[in-house]
Amino acid sequence: MPKYLSPARICALALLIFACLPGMALRVIPSSATVQENATQLFMANRLSTWTTTCGTITSAGLFTAPLFPATCTVTAKAIHGGGTETASVKVVSPISITPATANTYALGKQQFSANMAVTWATSCGAIDSSGLFAAASTAGSCTITATASSGTAYTAKATITVSIIHYTTFQGSNTHTGANTREFVLAPSNVNSTTFGLAWSMPLDSGIWSQPLYMNALTINGAAHNVVFVTTAQDSVYAIDAETGVLLWHRSFLSTGVTAPTGTQMQSSMNPVGIVGTPVIDPATRTMYVVPLTSESNGTLIIHRLHAIDVTTGLDKANSPVAFNAPGFSDIKQMNRAALLLANNRVYAAFGGIADRPPYQGFLFSFDTSTLAQVASFGDEPNETSSGGGGIWMSAMAPTVDPSGNIYVTSGNGLSDGINNFGQSVIKLTPNLDVLDHFTPYDNVAQSNADLDLGAGGLLEVPDQPGPYAHELIVCGKATPIYVLNRDNLGGTGTTSDNIIQRLDGQLSTQTGTWRDSGEPCFSTSTFWNQGVYFVANHDVMKVFSLSTTTGLLSSSPVSQGSFIYTWPGAFTTISANGNTHGIVWTYESTSGTLRATDAMDVSKELFVGSVSPSSKWSVPTVINGHVFVESANRIYAFASK
């Protein structure tokens with residue numbers, strides 16, 4: 001007999017001694033174990049038993065041999081006399097470690113896998129090469145990656161990658177306009193720098209670009225799947241471009257003999273020409289783009305906007321397309337579709353402001369049925385203003401916002417406001433049928449309007465539902481200095497000596513004044529939201545982040561983070577890319593320097609990347625999707641990606 005018995009052996013002997021006791025319950029030791037692939041583990045029972053296992057093998061003596069793949073096996077002992085069964089669980093682990101063990105990517109995307117030893121690679125869907133580079137197919141799904149040891153024992157290990165279809169089909173990526181794409185699986189602060197990230201391609205187009213690029217993932221065109229970026233121009237063109245290579249897939253012009261894009265002289269505008277200037281919207285389910293060209297026809301005697309529904313795979317019009325806009329007081333030559341289109345409630349919505357403030361004009365919002373393209377409703381925000389005009393709905397190119405009930409929100413420019421029929425200088429809440437439900441007008445709106453301080457120079461950020469006293473918040477700022485935090489369940493109407501709202505935060509944006517354009521007028525853009533932070537880049541100001549309290553529903557009284565780079569007129573739209581609540585990056589375009597800028601969203605004093613494009617007289621909104629950043633400037637589209 002050995003001089004020393006381990007506790008495990010003592011227990012085993014005890015089991016054998018007590019096996020003869022009547023009524024003894026069947027027991028297996030160990031009750032659980034972790035075993036490497038192809039390794040062994042001895043199991044024992046306190047009564048004579050037969051042995052089986054759901055994977056691997058086991059002898060009549062209870063010696064288990066693990067399979068050559070990771071698994072959880074169940075070992076079962078069945079008593080030979082007196083009946084009864086008992087089980088043990090075996091976790092089989094591989095000596096191969098795959099990095100990453102789980103991953104996400106987009107259709108047609110790539111993901112590099114690696115292992116801690118020499119292996120061969122296989123995948124259940126998509127493709128993977130000998131180096132472990134996985135290439136996703138054009139469909140969504142979950143793929144199992146298998147690594148098998150190249151020599152010796154054929155150990156295996158598995159990893160999982162989820163492939164998603166990820167589009168960017170509306171202004172700022174969603175109808176709430178948070179400005180954050182939280183499904184960016186490629187770009188992170190660690191890999192966005194001048195060494196690993198840069199310009200992939202650029203393409204000149206036929207005129208200036210005033211809209212945000214849109215994007216569809218794994219769209220089949222001419223029999224092949226492509227990631228496609230869509231761009232419109234003021235020359236009334238739509239371009240579909242392969243997002244990876246910059247190769248033109250198709251080009252649609254809405255011009256023909258006798259049909260031209262209106263000139264700046266015709267429209268009395270600094271823009272020249274004045275064709276498509278509002279961002280389209282795409283319905284990925286029907287593969288339809290809705291877009292509004294403005295054309296000059298009949299030797300310049302007819303200036304007209306038309307809503308087109310075109311097939312995103314060809315650029316050709318669909319049934320019932322195009323249609324014109326019709327409402328009392330609406331005049332095509334005095335209105336501009338600067339705001340982006342909105343797709344909601346099975347309708348497409350198009351907003352209009354004035355052009356060069358040519359009176360009379362007002363703000364209009366139209367809705368069209370997506371199945372028939374019939375105009376269903378229209379709303380004019382200043383029907384009683386017939387001489388000077390006002391209340392334009394332009395929002396510095398942003399789209400209307402929609403809540404989960406389908407209600408529509410817009411901001412309007414300076415003008416007449418009575419809270420009954422006229423809603424200039426206001427935030428307006430409308431039903432899907434464009435009936436007014438509620439409004440907010442600053443108590444000092446008359447002074448603001450007289451000074452041309454459009455509230456409607458900024459769009460509306462719909463904050464994700466909050467746990468505090470105000471579940472449903474909107475945030476807006478315009479040319480006047482305050483940031484307004486509103487309760488979308490009760491916008492507040494028009495106050496007498498103060499605003500009946502959640503919060504009015506003064507004096508935090510564009511605090512310096514000077515000789516630059518619109519000095520002291522902060523917002524020609526919409527703020528963005530990520531991780532309870534609200535991001536602003538105001539006119540001639542640095543990037544600033546305010547925190548939104550989950551307890552009070554109020555913004556911090558001053559920035560919790562700010563940059564040092566000063567953005568000139570008109571400031572910038574911010575676009576945020578992130579993987580959920582991590583890897584946040586703020587992307588902006590600065591017009592005077594003509595630069596694409598990437599900033600760490602957790603600390604906006606840390607600039608990650610500055611890339612040169614070209615200067616422009618207006619703002620541009622970067623589109624960040626699936627490892628790419630698309631930005632337009634003047635008449636060229638630029639694509640940035642990992643090198």
Side-chain angles (χ1 to χ4, degrees), residues 69-72 91-94 96-116 119-148 156-170 173-176 178 180-192 196-197 214-220 224-229 242-244 282-285 287 464 530-531 575-585 601 623-630 641-642:
F69 54 84
T72 298
K91 181 180 181 181
V92 180
V93 296
S94 174
I96 301 173
S97 176
I98 299 178
T99 304
T102 60
N104 290 280
T105 192
Y106 56 95
L108 302 182
K110 297 184 185 300
Q111 173 66 51
Q112 182 67 57
F113 289 92
S114 62
N116 61 340
V119 297
T120 58
W121 296 96
T123 179
S124 63
C125 53
I128 193 166
D129 67 14
S130 59
S131 72
L133 182 62
F134 170 82
S138 59
T139 55
S142 179
C143 304
T144 299
I145 307 298
T146 303
T148 304
T156 62
K158 297 182 185 298
T160 302
I161 185 165
T162 301
V163 179
S164 302
I165 301 289
I166 305 176
H167 301 307
Y168 200 110
T169 56
T170 191
S174 74
N175 284 349
T176 60
T178 62
N181 169 21
T182 57
R183 300 178 73 197
E184 175 52 55
F185 303 132
V186 179
L187 301 176
S190 60
N191 61 28
V192 173
T196 60
F197 182 82
L214 301 179
Y215 173 100
M216 288 194 72
N217 181 203
L219 178 66
T220 298
H226 300 266
N227 295 323
V228 184
V229 59
D242 187 293
E244 310 296 327
I282 295 173
D283 183 351
R287 298 184 177 182
W530 182 69
N531 278 6
T575 297
I576 296 175
S577 64
N579 186 351
N581 293 324
T582 63
H583 303 322
I585 302 174
T623 298
V624 188
I625 184 77
N626 296 344
H628 291 72
V629 181
F630 303 98
S642 298

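Keep in mind it's a predicted model, so treat the numbers as computed, not measured.
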Interatomic spacing from [atom1] in [X] to [atom2] in [Y] - rounded to 0.5 Å:
| X | Y | atom1 | atom2 | result |
| --- | --- | --- | --- | --- |
| Q111 | Y106 | CD | OH | 10.5 Å |
| T123 | F113 | OG1 | CZ | 8.0 Å |
| T623 | L214 | OG1 | CG | 6.5 Å |
| I145 | I128 | CD1 | CD1 | 4.5 Å |
| N227 | L219 | CG | CG | 9.0 Å |
| Y168 | N217 | OH | CG | 14.5 Å |

Contacts under 3.5 angstrom, residues 130-140 side chains, donor-acceptor by atom type, not counting sequence neighbours:
{"residue": "S131", "atom": "OG", "partner": "D129", "partner atom": "OD1", "Å": "2.7"}
{"residue": "S131", "atom": "OG", "partner": "D129", "partner atom": "OD2", "Å": "3.4"}

Quiz prompt | Derivation of the side chain to side chain contact (heavy atoms under 4.5 Å, CB included) call for L187 and S642 | solution = CA-CA 8 Å; L187 301 176; S642 298; 4.2 Å; yes
Quiz prompt | Check: G580 main-chain N/O paired with W530 side-chain donor or acceptor under 3.5 Å | solution =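 Yes, the answer is positive, given that a donor and an acceptor are paired below the 3.5 Å cut-off.
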Exercise. Please confirm whether the backbone N or O of N191 pairs with a side-chain atom of T196, one donor and one acceptor, at under 3.5 Å?
Key: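 Pair found, side chain donor or acceptor close to backbone of N191.
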Which pairs of donor and acceptor atoms, one on a side chain in residues 98-105, lie under 3.5 Å apart (sequence neighbours left out)?
none

Quiz item: Sequence neighbours excluded, which residues qualify as ring-ring contact (aromatic ring centres under 6.0 Å, His included) partners of H628?
Solution: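 Partners of H628 by the ring-ring contact (aromatic ring centres under 6.0 Å, His included) criterion, ordered by chain and then number, come out as F630.
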Practice problem: Just do the side chain to side chain contact (heavy atoms under 4.5 Å, CB included) check on I282 and M216 with the steps written out, would you? | Solution: CA-CA 9 Å; I282 295 173; M216 288 194 72; 3.7 Å; yes
Quiz item: Do V192 and V629 come within less than 4.5 Å of each other through their side chains, counting heavy atoms only?
Solution: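 A side-chain contact under 4.5 Å is absent here.
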Mind listing the closest non-hydrogen atom pair of [X] and [Y] along with its distance?
| X | Y | result |
| --- | --- | --- |
| N116 | S97 | OD1-N, 2.9 Å |
| V624 | N181 | O-ND2, 3.1 Å |
| S142 | C125 | O-SG, 3.8 Å |
| V186 | G627 | CB-CA, 3.6 Å |
| T144 | K158 | CG2-CD, 4.0 Å |
| A601 | I585 | CB-N, 3.8 Å |

Exercise. Go through the structure and list residues passing side-chain contact (heavy atoms from CB on, under 4.5 Å) with S164, not counting sequence neighbours.
Key: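 If we apply the side-chain contact (heavy atoms from CB on, under 4.5 Å) test to S164, skipping adjacent residues, the hits are T162, I166, R183.
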Self-check item: Partner set under side-chain contact (heavy atoms from CB on, under 4.5 Å) for P70, not counting sequence neighbours
Solution: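 Only E37, S94, T156 meet the side-chain contact (heavy atoms from CB on, under 4.5 Å) criterion with P70.
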Practice problem: Report the residues that fulfil side-chain hydrogen bond (donor to acceptor under 3.5 Å, both in side chains) with S174, sequence neighbours left out, ordered by chain and then residue number. | Solution: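 For S174, the residues satisfying side-chain hydrogen bond (donor to acceptor under 3.5 Å, both in side chains) (neighbours in sequence not counted) are T176.
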Practice problem: State, without any angle test, whether Y215 and N626 hold a side-chain donor-acceptor pair at a distance under 3.5 Å. | Solution: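 There is such a pair (donor and acceptor under 3.5 Å, judged by atom type) between the side chains of Y215 and N626.
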